[in-house]
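First up is the structure itself, then whatever we jot down about it.
Predicted model only: the values in this text are computed from it and were never measured. When a residue number appears, it is its place in the shown sequence, counting from 1.
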Amino acid sequence: MDKPVLKHVYRNYLYSLAFGGDIDKTERLMYEYKAADPHDTIITTTKGLPALDSHQDSPLLSIIVPIHNSGQYLDFCIQSIREQEFTDFELILINDGSTDTSSEIIDRHAAEDSRIIVLTNLQASGNPGTPRNQALSIAKGVYVGFVDSDDWINRDFYSELMSMALESNADIVFSGGFNNHEASGRVSKRTYTAEGFDDPTSSRFKTHDSFMIWDKVFKRSMLEMFNIRLGETKAAVDVPFVFAAYYYAANVVFNDEFIGYNYRRESESSVTVAHRKNSNCEFEFQAFSNVRAWANENNVADYYYATIDIKLVSSLMYTLKMVSDEYFDGVFAKVKSLFTDVDAVSFKDYCVQNQKWWLYKEFLKVRDHSAKDVQAYLKEKEEAAKAKTVEQLITPRYQLEGKNAGIMFFPCWLTNNPYQKLFYQALNENFDLAIEGYDQKGLRKELIDRKKGKFKYVHLHWLHNFFDFEDPSVLSNTLEALSYAKQNGFKVIYTAHNICSHDSENAEDEKRYREQILSFVDHSLAHGEVAKQRLITEFEVPENSVEIVPHGTYGDFYGEKIDKIQAKEKFGIPAQSTVFLFFGNIKGYKGIFNLLSRFHNLREKSDDIYLIIAGRVLDQELMPELTKQTIDANILFRPGFVQNDEVIDYFSSADLCVLPYEQVLTSGAAMLSVTMRCPVLAPSIGILPEVITPEIGLLFDSFDGMQDQMEKMANGEVSVSQAQQFDKALNIYDWTNLVKRISFLLRK
């Protein structure tokens, strides 16, 4: 590296190899050279040397899915892959000793799709790395991607990554993060930054926020050239794979704006609970031991040891914070031993440049102190973290400035639904009220003390967030906070989005819990007369405290509709076909199977009708049957969170939005359909008859009646929805007009 003349000699050696036809060896040496000397400008700018390319034929992509007892989610996962816009792939499914319904699901998909290759282990391997390595050994794709069997991917996930990979001949293509789906139904985006990864002068060189394998694609020839494989420990199997891939990758491409992977996160991950908290974490020590052994055996460049140290320290500090007291001393001893080999100077430089002083301080604490001292130190930090968490909870997620003491609302759910944003913007503009939105856990005494005198109202939405059948403290904390708020002069508002959960397994308890919360409520907002009467009769809410404020429309939040023919073309639907749309979260009471069975009946009579189903499946036990019943060329099943910019395409293509609900009080999907000037077909239940007039939609009293209306629509026998009639509804349900009805806000 410090003798330029030798670089020229090395370059001529590579020329000789290439001229002699030894392309594979030339490519390998070029990978090694670029990794060892990333600052080089002699070889990397030389023309005539072969590009670091593979020599593979089709398929362009191998997608690997390891499967162990994933039957509950597997259909959804496989179907999301089969429906990819990018089609030139092989799908390798490894059944790793499953004992549930996974085998049947795998066999059915394999029989239907020739791109699927099945590997079967009669006995489970006991780790997630082995089945992936088995698949890598037979993969033929130019690139390789990984999907976990309980996750799923958006239709454009691999088309986006592969277009970048093929255009740039990349070794790795990174997406910009993933959609994190929590068990509660909440969806959040986890985003990355690629800053410094491909810059040899940066402290973040070869360092990335993501140490996972499933949010990117890898060039397979590079993996094979350096025998890059997953670890075969109980967990942390990505660690050796990612370190090797990042080191050798000479050409990387990023799209920090693109997110297409959907990660399913239960309340606590199995790795955190089963493998870290309640074990000696041997798997993690083995993973980093393997990485260091690999680095030594392959003579990796000195700079990369610092990269390994960064990940090692951050991972093992996380482990020390998670491990139970029973295992702490043993785990600590091993962590301390590993920390003694970390280059403290380069690690400090990294922490300074990336504003991670806290990590360097933790590193020194472990390296230089006893287990007892460190455990006490970590417990202090844990308490400080809890205090910080409280501070975060009582920090508003949403704010609108106003001259008048206004409303604090809970929970603040702006990510999944624009209802709150539109409602509060209208309140703010009409009454000049200050508005702040918080996490439901932010409803606590500390916040009341902080906002006393500055705000007048506490507004509750969706009461099921304020109690927990398995944790009585959630309800008691709610009642305590509401009582404290009332004592300090606050008034409590409640919006009845539902009266009781439609699918509650603890209906009696839920009713009792809701009664206790409602006893603190001063003003209730109901979406219609039916909702108002139910509050009065079922919960004995005083009639004079209930006001009707319907669910408003969505204005221009989702943009303007596009041409119907153009929208249908996007989905591959013939222009003259009739399109029925189901839109929204899918739960048992929403009657999706009623719609599917009636649609199948109509399909026996016509090939010119289509059904689009778009929305998150919140009852996962429905997925196997849903996947089975949507296997029809005229059914487009699009499960998962619908991005805002996709909404307009669905409603622009639809001739009729069908809501086959078995139970409902109000419907945001109905109001969205009205906003989009799309006719609605809905049941005569809840407040829907108050909203859906003959001018903008149709009502049915039975599901056979629903089928009749759908058939008449397909045959052109019914006509609804003139533009001016939608204009009338849009004016009535405009938020600005609706909030003017709230009488208690008009009082001085």
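In this structure the side chain of Leu482 reaches within 4.5 angstrom of the side chain of Ile517, judged on heavy atoms. Using a 4.5 Å cut-off on side-chain heavy atoms (C-beta onward), Asn154 and Asn179 make contact. Side-chain contact between Val541 and Val521 is absent, with no heavy-atom pair separated by less than 4.5 Å. With a 4.5 Å cut-off on side-chain heavy atoms, Phe409 and Ile435 count as touching. With a 4.5 Å cut-off on side-chain heavy atoms, Ile493 and Val458 do not count as touching. Between Trp152 and Arg264, the closest side-chain pair of non-hydrogen atoms falls below 4.5 Å. No side-chain heavy atom of Tyr438 sits under 4.5 Å from any side-chain heavy atom of Thr395. Within the 4.5 Å cutoff, no side-chain heavy atoms of Asn262 are placed close to those of Phe178.
Proximity of a side-chain donor or acceptor of Asn477 to a complementary backbone N or O of Ser473 within less than 3.5 Å is detected. A donor-acceptor pair under 3.5 Å links the side-chain atoms of Asn428 to the main chain of Leu433, judged by distance alone. A donor-acceptor pair is defined here as one N or O able to donate and one able to accept, closer than 3.5 Å; such a pair exists between the side chain of Asn465 and the backbone of Trp462. Side chain of Asn180 to main chain of Ser188: no donor-acceptor pair is present (N/O by atom type, distance under 3.5 Å, no hydrogens or angles). The backbone N or O of Val674 lies less than 3.5 Å from no partner atom in the side chain of Arg677, so there is not a single donor-acceptor pair. Under the 3.5 Å distance criterion, the side-chain polar atoms of Thr389 are matched with a main-chain donor or acceptor of Ala385. Side chain of Thr495 to backbone of His461: no donor-acceptor contact under 3.5 angstrom is found. Of the possible donor and acceptor atoms, none in the side chain of Gln425 sits under 3.5 Å from a partner among the backbone N and O of Trp735. A side-chain donor-acceptor contact under 3.5 Å links Glu690 to the backbone of Val530. Looking at Ser702, its side chain does come within 3.5 Å of a backbone N or O of Gly705 through a donor-acceptor pair.
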Problem - Verdict with reasoning, Lys388 to Glu383, per salt bridge (Lys or Arg N to Asp or Glu O under 4.0 Å) - result: CA-CA 9 Å; Lys388 185 176 180 181; Glu383 292 302 315; over 6 Å; no
Practice task
Please assess Glu646 against Arg638 for the test salt bridge (Lys or Arg N to Asp or Glu O under 4.0 Å), listing each intermediate value before the final yes or no.
Solution key: CA-CA 11 Å; Glu646 298 174 331; Arg638 298 289 183 265; over 6 Å; no
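With no hydrogens or angles considered, no side-chain donor-acceptor pair links Glu326 and Ser324 at under 3.5 Å. Donor-acceptor pairing under 3.5 Å is recorded for the side chains of Ser743 and Glu547. Looking only at atom types and distance, the side chain of Glu510 has a donor-acceptor partner in the side chain of Ser501 under 3.5 Å away. A donor-acceptor contact under 3.5 angstrom links the side chains of His459 and Tyr424, judged on distance only.
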Just distance, no hydrogens or angles: give the donor-acceptor pairs under 3.5 Å from side chains in residues 398-408, sequence neighbours left out.
| residue | atom | partner | partner atom | Å |
| --- | --- | --- | --- | --- |
| Gln399 | NE2 | Glu436 | OE2 | 3.0 |
| Asn404 | ND2 | Phe431 | O | 2.9 |

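Partners of Tyr457 by ring-ring contact (aromatic ring centres under 6.0 Å, His included), not counting sequence neighbours, listed by chain and number: Phe744. Residues passing the side-chain contact (heavy atoms from CB on, under 4.5 Å) test with Asp148 are Arg132, Asp150, Asp151, Trp214, Tyr261, sequence neighbours excluded. Checked against ring-ring contact (aromatic ring centres under 6.0 Å, His included), Phe580 has no partners two or more places apart in sequence or in another chain. Residues forming a ring-ring contact (aromatic ring centres under 6.0 Å, His included) with His464 (at least two apart in sequence, or on another chain): none. With sequence neighbours excluded, the residues satisfying ring-ring contact (aromatic ring centres under 6.0 Å, His included) with Tyr192 are His208. Residues satisfying the side-chain contact (heavy atoms from CB on, under 4.5 Å) test with Lys561, not counting sequence neighbours, are Ile648, Ser652, Met676. With sequence neighbours left out, Glu515 forms a salt bridge (Lys or Arg N to Asp or Glu O under 4.0 Å) with Lys511. Scored by the side chain to side chain donor-acceptor pair (under 3.5 Å) test, Lys379 finds no partners at all (sequence neighbours excluded).
Side-chain rings of Tyr733 and His551 stay apart, their centers remaining 6.0 Å or farther from each other. The six-membered or imidazole ring of Phe651 lies near that of Phe583, with a centre-to-centre distance under 6.0 Å. Remark: aromatic rings of Tyr513 and Phe469 are close, center separation under 6.0 Å.
Between the CZ atom in Phe455 and the CD1 atom in Ile448 there is a gap of 11.0 Å [rounded to 0.5 Å]. The line from CG of Asn506 to CZ of Phe467 is 9.0 Å long, rounded to the nearest 0.5 Å. Here the CG atom belonging to Asp215 is positioned 3.5 Å from the OG atom belonging to Ser210, to the nearest 0.5 angstrom. Taking CZ of Phe539 as the reference point, atom OG1 of Thr537 lies at 9.5 Å (rounded to 0.5 Å). Here the CD atom belonging to Glu543 is positioned 4.0 Å from the CD1 atom belonging to Ile536, to the nearest 0.5 angstrom. The distance from the CG atom of Asp449 to the CG atom of Leu447 is 9.0 Å, given to the nearest 0.5 Å.
Applying the ring-ring contact (aromatic ring centres under 6.0 Å, His included) test to residues at least two apart or on different chains, none of the pairs has a partner in residues 656-687. For the salt bridge (charged side-chain N to carboxylate O under 4.0 Å, His left out) condition, no pair includes a residue of residues 660-670, sequence neighbours left out. Residue pairs satisfying the salt bridge (charged side-chain N to carboxylate O under 4.0 Å, His left out) criterion with at least one member in residues 467-483, sequence neighbours excluded, are listed as follows: Lys445-Glu480.
The two residues Ile692 and Ala682 make their nearest non-hydrogen contact at CD1-CB, 3.6 Å. Of all the heavy atoms in Leu443 and Ala481, the pair that sits closest is O-CB, 3.5 Å. Taking both residues in full, the closest heavy atoms of Ile499 and Glu538 are given as CG2-OE1, 3.7 Å, listed atom of the first, atom of the second, then distance.
Within a 6.0 Å radius of NZ in Lys321, more than 12 heavy atoms belonging to other residues, nucleotides or ligands are found.
A salt bridge does not link Asp209 to Arg190: none of the charged nitrogens lies less than 4.0 Å from a carboxylate oxygen. Ion pairing of Arg450 with Glu391 is present here, as a side-chain N (NZ or NE/NH1/NH2) and a carboxylate O approach within less than 4.0 Å.
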